[in-house]
Amino acid sequence: MKRNILVAVAWPYASADIHVGNITGSYLPADIYARFHRLQGNEVLMVSGSDSHGTPITVRADEESSTPEEVYQKYHQRFLDLFQKIGLCYDLFTSTHTQNHFRVSQTMFSALKEKGYLYTETQKQWYSSSQERFLPDRYVEGTCYICGYESARGDQCDQCGKLLEANGLINPRSKMDGSTPELRDTEHFYLDLGALQPQIVEFLKEREDYWRPNVVRQSLGQILAEDLHGRAITRDLKWGVPVPVGGWEEKRLYVWFEAVIGYLSAAIEWAELTGDPERWKEWWYNPDSRAYYFIGKDNIPFHAVIWPAELAGVGNTFGALFDEDDQHSLVLPYDVPANEFLNLEGKKISGSRNWVVDGLDFLTRYDPDPLRYYLTANMPETRDADWEWEEFVTRNNNELVATWGNLVNRVLSFAHNQWEGKIPDPGELRPEDQNILEVLQEGFEKVGDLYDRVKLRVALTETMRLAGEVNKYLDEKAPWFEIKEDKDAAGKSIFTAIRAIDSLKILLAPVLPFTCEQLHRTLGYDKPLFGEQYTDSVEDNLGTHEVLRYRQGDVCCEWQPSVLAAGSPFHKPQPLFQKLDPEVAEEEYNRLG
RNA sequence: GGCGAGGUAGCUCAGUGGUAGAGCAGGGGACUCAUAAGCCCUUGGUCGUGGGUUCAAUUCCCUCCCUCGCCA
């Protein structure tokens, strides 16, 4: 039975480049998951975009004497470039700065308001009269009222480590221009999480048995211990989504409230772009569809608590306001398989201290599949992991080149030389041949189950173990001896080995799409394994935004063992992977810091 | 302070109520189809500490210690 799978991927904040930690945290696992389900024949919709609003972008714009729009566009373009190069097959990677997203976000806001889950409250906040704007807490500095440290930030003191009430800072000054801010009243809308708490607790408890413990227990434990309270969802800002209420023209929706709505708005935009504007409902209004949210652990509260609260809160009111469908509620997250963090050589990744492996920079020297492989083999699914250049080189050489790449190369070279580029006809297979093919067949179930449960790291380990089994089989049969005595016997071995390789190709394809596609062509297939990525320009009343799209097209192969036929032609193999000089590890390490 | 995750062979990690596994690294061997890759054999661990439940715990419960994260 075909299933609708929504692969919802974290929205990168458009004010910094993406590094390997970001990639393995959410983007890569999402892509692997989407590719797996595409091979399964399920209806996959993978969406995300650039988180384009918020104060840091306006601050960056001020620093660079440009506009928030220019800042977000710059990084957005770089995201599109990177995602194509590492093969992230988004059905739509868009932006929050679109007319469509504005409309969807404002509808969510209005629906929550109509349901009574919003209220307003007035608070005091630092206001810079020189800049004529309210300052976010972290842009105010002053003397800590606890320890007396003179350069405490508005939200936290770096000396005593205490979190501060910004209003209490002594001698406050703006980090922007050093001027002295004053406290002013400002009114904001709040999301009444307290009122939504029972629904959230029920939502989490229903999923407690299959969610990752660090995601669900943390959230649930915290709520049960301390209860939820309202959170402001508007800001005094000019850049962002306007608040759809009269008299609120000077304020915007707070990014944390609005960005998560992107999962819904991107699906709606995708449907519009494909010319089938109702199609997003197959994922969002269909109670049998499953929504998976791939995020880093820093985003857990927003996806395990706040976004579900927004969705549960609107109920069927979103549809009623948006497209006059009051029969359906929006689908709640099925799973939030958040990853932990990736450290780098034992230390926290830090862009500003150059302790980072940047995605685009990496790809100027290495191929995407070795990156995807290493990040998957080492994915921080249950706890923080560590990127070590030495391990990257070792795994590349020992596992990709030696175990898998060499298996492909030794079999196909031998076969191509001895059978003139055609797959030998094996006649009747021997028990040992059938045995290894059965091992592979069972692999499809086992590995498939692991992928499905988002245990990508183990799925890959198990697949590589199977590659090892095929190497073993080959050494036992030793077709290079068989051929001297009995070419038919060698033909059986080689036929079996090629089928095994062709099957392994499918098992590995979610993780290694580029090299599996190459192998796929070498084996003589006409149609590709996957569709193609492409960019597109979309115009609306906010301007133009580039998007990344995916065209599934006419593909072949499903999540099934190989049925490659005897006699079919194939090409002489080219190495799938480059062996790396061990010195590379040291060179790369020396680039850091 | 509250909530949570993790502490298993030199390294990276699996795993289970019945006295521990993989890969890499280390040691030895036979072979040559292959990017000197692959294959076979092998050396490594009182499964953080102290208790408890049990016929039996690394696996369940509690204390404590260490690491990391989240919240106020």
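Lettering of chains follows the sequences in order, A, B, ..., and the numbering in each one begins at 1.
Between Arg383(A) and the phosphate of rA14(B), there is a side-chain N or O to OP1/OP2 separation shorter than 4.0 Å. Between Lys348(A) and rG69(B), a side-chain N or O to OP1/OP2 separation shorter than 4.0 Å is present. Between Thr403(A) and rC39(B) there is no side-chain N or O to OP1 or OP2 distance below 4.0 Å. Contact check, Arg395(A) against rC24(B): no side-chain N or O comes under 4.0 Å of OP1 or OP2. Between Lys297(A) and rA5(B), a side-chain N or O to OP1/OP2 separation shorter than 4.0 Å is absent.
Donor-acceptor pairing under 3.5 Å, judged by distance alone, is absent between the side chain of Gln222(A) and the base of rG4(B). One cannot find a donor-acceptor pair under 3.5 Å joining the base of rA34(B) and the side-chain atoms of Asn409(A). Residue-to-nucleotide contacts include no donor-acceptor pair under 3.5 Å from the side chain of Asn214(A) to the base of rG4(B).
As rounded to the nearest Å, rU19(B) and rU58(B) have P atoms that lie 11 Å from one another.
Taking 90° from 0 as the syn/anti boundary, the base of rG44(B) is oriented syn.
Applying the Watson-Crick and G-U wobble criteria (two distances, each under 3.5 Å), rG17(B) pairs with nothing in any strand. If you check rC39(B) for Watson-Crick or wobble pairing at under 3.5 angstrom, you find it paired to rG29(B). In this structure, rG23(B) forms a base pair with rC11(B), meeting either the Watson-Crick or the G-U wobble geometry with both donor-acceptor distances under 3.5 Å.
Nucleic acid contact class of Arg465(A) (heavy atoms, under 4.0 Å, all strands): none. Across all strands, Thr382(A) comes closer than 4.0 Å only to sugar-phosphate atoms, never to a base (heavy-atom distances). Using a 4.0 Å heavy-atom cutoff across all strands shown, Leu450(A) reaches no nucleic acid atom at all. Across all strands, Phe481(A) comes closer than 4.0 Å only to sugar-phosphate atoms, never to a base (heavy-atom distances).
Electrostatic pairing of Glu482(A) and Arg430(A) counts as a salt bridge here, judged by a charged N lying under 4.0 Å from a carboxylate O.
You'll find the ring centres of His303(A) and Tyr263(A) inside the 6.0 Å limit. In this structure, the ring of Tyr334(A) has its center less than 6.0 angstrom from the ring center of Tyr292(A).
Atom CZ of residue Phe570(A) and atom NZ of residue Lys422(A) lie 10.0 Å apart, to the nearest 0.5 angstrom.
The aromatic rings of Phe392(A) and Trp389(A) sit perpendicular to each other, their planes meeting at more than 60°, with 30° as the lower class boundary.
Look at Phe414(A) and the base of rC33(B); the rings do not stack under the cut-offs of 5.5 Å between centres and 30° between planes.
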